[in-house]
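The structure under discussion appears below in the form of structure tokens.
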Amino acid sequence: MQLRYQYRLYPTPAQRQALARAFGCARTVYNDALRARRQAHANGLPYVSDGDLSKRVITAAKRTPERSWLGEVSAVVLQQALADLNTAYRNFFASLTGKRKGPKAVPPRYRSRKDRRQAIRFTKNARFSVTAGGKLRLPKIGDVPVRWSRNLPAEPSSVTVIKDAAGRYFASFVAEARRDFAHKLSTRLIRENQAVYVEDLCVNGLARTKLAKSVHDAGWSQFTAMLTYKAARHGRHLGKIDRWFPSSKMCGSCGVVAESLPLNVRSWSCPCGAVHDRDVNAARNILAAGRADRLNACGDQVRPGSAPAQVGEAGSLRGAA
């Protein structure tokens, strides 16, 4: 599954000029390619293939005086402009044949410099990266400052740089890896442990709160579903602790439950003197509760068993007056 993560960019004046040049080059390649295909159709010629189109409007065009400036930007940006055109054509043809659901797609149109939104895309081939200082390094543009509102969950496969109608710049990353990461982690947990315990959270309820974005990002339902079927497949025990169990608020040392523990409190002290990291304490309590439930479910004695009464404990004695 692919997810998008968008962040605000703050390019310098020189970087804005470089981005404007890249926007213009991508727009030119897109329009030249669209014009070539329209002319071929109007003249009754075969549909121009992707490879021939790339050679004509990028490789050969760079050698001409009219389009030599295409070499001033990353070649990946130009190739992605062609990819956008190909996607537009595929959607149009699929819509004509009824294979595409939803509203009918219109034929691709020329892009204008007056469009309210300009965008270019860099893939891994472009070797974009995030520097140690947290800037977005783009080929032939430089290190662009980014305002990171949250961390990326995985290595991004592409980034689209967008300029909106208000003149603001954004970086839209596409990250793979959530499902792949969940598969790898759940497999490792099941293989390395005989029993795994999780908290049975009310995901649907949490998704209606201000935590919705974080809950969906974590993919909790998907992860627990993977643990469930993998535990059954490998003969492991998966225990789910009741969602009302006070795992975070209960002291793992003395068992006292705190009256309240807001989410912004990441560590707390118990009157017994124990100091807890919120998440570590919750994990220990979940483990203890899961082990206790499993012992009870396996038939172990929860209450002391019956034993013969000792002399003097019985309610009546033989020969008593």
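The structure presented is a predicted model; accordingly, all values stated were derived computationally and were not measured. Residue numbers start at 1 and run along the sequence shown.
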Is there a chain of hydrophobic side chains (I, L, V, M, F, W, Y, each step under 4.5 Å between heavy atoms) that links Val48 to Phe92?
yes
Should the ring pair Phe128 and Phe173 be called parallel, tilted or perpendicular, given that the plane angle runs from 0 to 90° and is split at 30 and 60?
tilted
Tell me whether Arg37 is salt-bridged to Asp50, with the criterion being a basic N under 4.0 Å from an acidic carboxylate O.
yes
Following the transitive rule for hydrophobic clusters with a side-chain heavy-atom cut-off under 4.5 Å over Ile, Leu, Val, Met, Phe, Trp and Tyr, establish whether Ile58 and Val73 coincide in one cluster.
yes
Would you call Arg67 and Asp32 a salt bridge, using N to O less than 4.0 angstrom?
yes
Can a donor-acceptor pair be found, under 3.5 Å and without considering hydrogens, that links the side chain of Tyr7 to the backbone of Arg150?
yes
Are Asp84 and Arg111 ion-paired here, with the side-chain N under 4.0 Å from a carboxylate O?
yes
Can you say whether the rings of Trp268 and His276 are parallel (under 30°), tilted (30 to 60°) or perpendicular (over 60°)?
tilted
Counting neighbours of CZ on Arg266 that are heavy atoms of other residues, nucleotides or ligands and sit closer than 6.0 Å, is the number greater than 12?
yes
If we check side-chain contact (heavy atoms from CB on, under 4.5 Å) with Tyr169, which of these qualifies: Val146, Ile162, Leu19?
Leu19
Check this for me: does any side-chain nitrogen of one of Arg21 and Glu72 sit under 4.0 Å from a carboxylate oxygen of the other?
yes
Identify the two heavy atoms, one from Met250 and one from Asn281, that lie closest to each other, and give their separation to 0.1 Å.
O-ND2, 2.8 Å
